[in-house]
S.K.: 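The structure under discussion is supplied below as structure tokens; questions concerning it will follow.
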Amino acid sequence: MSPAKTVIVRYNRVNRVNHWITAICFVLLVLSGLSMFHPLLFFLSGLFGGGQWARAVHPWIGVVLLVSYLGLIVQFWRENLVHKDDVEWMKQMRFVVANDEAHVPPVGRNNAGQKFVFWSMTLLIPVLFFSGLLIWEVYFGEATSIPVQRVAVLIHSLAAVAAILVWVVHVYAAIWVRNSVRAMTQGYVTPGWAWRHHRKWLEEIASGHDKATLRKRP
Ligand code: HEM
């Protein structure tokens, strides 16, 4: 295989389907959640067939999100473990934002920004889920007192705002780093992309320490 035509598989089909189920659930949760958050945003409930429907489907989508995100945790926790290099990368983050990665220390498969998104969501999604259970009126309304529900609503809303902010950072970074979205749609990146954004990862692949699959460019 000529090197110019070789690409590196970054996400396999299972990774990608799992990711997009998570992403779709998240967007649907944000839309249905916002429709219940403030009367000005109530119009969003029209997307779900009205207020009653938005309220009924929101928690169930939350259940699917939790299960789906657990799938991502199982697949990605290892590569998101934090190392000493991550601190160095964080210190030079202004160069990443300025798209001047020559000044940024080389990183492995994931950079500290990606790890931040992963661990933030790993914390926030269970918080959203369990605080959501406490205010799921149909099933748990009788089991929880009003003061508990009030605290749960507050925690649920704060966690939702935090998760939306983390998600905005994630999508912005995905678009900012050119051809990252292709990694999550078609699964592959070019060696040039890996050299530019994840040089240590490329070196690990070249030395055989990372068993990433190589294939012909489609
Ligand atoms: C809907 C909009 C979204 C877009 C456009 C998007 C885009 C992407 C892209 C392009 C990557 C690959 C980045 C790379 O390899 O450099 C990625 C990875 C990932 N995304 Fe998303 N994403 C979205 C939503 C979400 C949501 C809602 C979550 C979690 C709640 C999420 C969690 C992840 C995780 C865990 C990874 C894998 C990174 C790792 O290896 O840990 N994404 N996403």
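Computed from a predicted structure; not experimentally measured. Order of appearance sets the numbers: ligands from 1, and atoms from 1 within every ligand.
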S.K.: Roughly, to 10 degrees, what angle do His170 atom NE2 and His19 atom NE2 form around atom 21 (Fe) of ligand 1?
M.R.: 180°

S.K.: Please work out which of the three classes, parallel, tilted or perpendicular, describes the rings of Tyr139 and Trp136, given edges at 30° and 60°.
M.R.: perpendicular

S.K.: Flag the pair Lys115 and Asp86 as a salt bridge only when some basic side-chain nitrogen lies within less than 4.0 angstrom of an acidic carboxylate oxygen.
M.R.: yes

S.K.: Are any of the N/O atoms in Tyr11 less than 3.5 Å from those in ligand 1?
M.R.: yes

S.K.: Between ligand 1 and Trp167, is the shortest N or O to N or O distance under 3.5 Å?
M.R.: no

S.K.: Would you please determine whether Ile125 falls within less than 4.0 Å of ligand 1 on a heavy-atom basis?
M.R.: yes

S.K.: Any N/O of Trp20 closer than 3.5 Å to an N/O of ligand 1?
M.R.: no

S.K.: Relative to Tyr11, does Arg109 satisfy both conditions: NZ or CZ under 6.0 angstrom from the six-membered ring centre, and within 45 degrees of the ring's axis?
M.R.: yes

S.K.: Taking N or O atoms only and a 3.5 Å limit, does Thr22 qualify as a polar contact for ligand 1?
M.R.: no

S.K.: Where is the nearest protein heavy atom to atom 10 (C) of ligand 1: which residue, which atom, and how far?
M.R.: Ser180 O, 3.3 Å

S.K.: Using distance alone, determine whether His198 and ligand 1 share an N or O pair under 3.5 Å.
M.R.: no

S.K.: Compare Phe26, Tyr172, Trp77 and give the one whose heavy atom is closest to atom 27 (C) of ligand 1.
M.R.: Phe26

S.K.: Answer yes or no for Arg196 and Trp193: cation-pi contact, defined as NZ/CZ to six-membered ring centre under 6.0 Å and angle to ring axis within 45°.
M.R.: no

S.K.: Do NZ/NE/NH1/NH2 and the carboxylate oxygens of Glu203 and Lys200 come within less than 4.0 Å?
M.R.: no

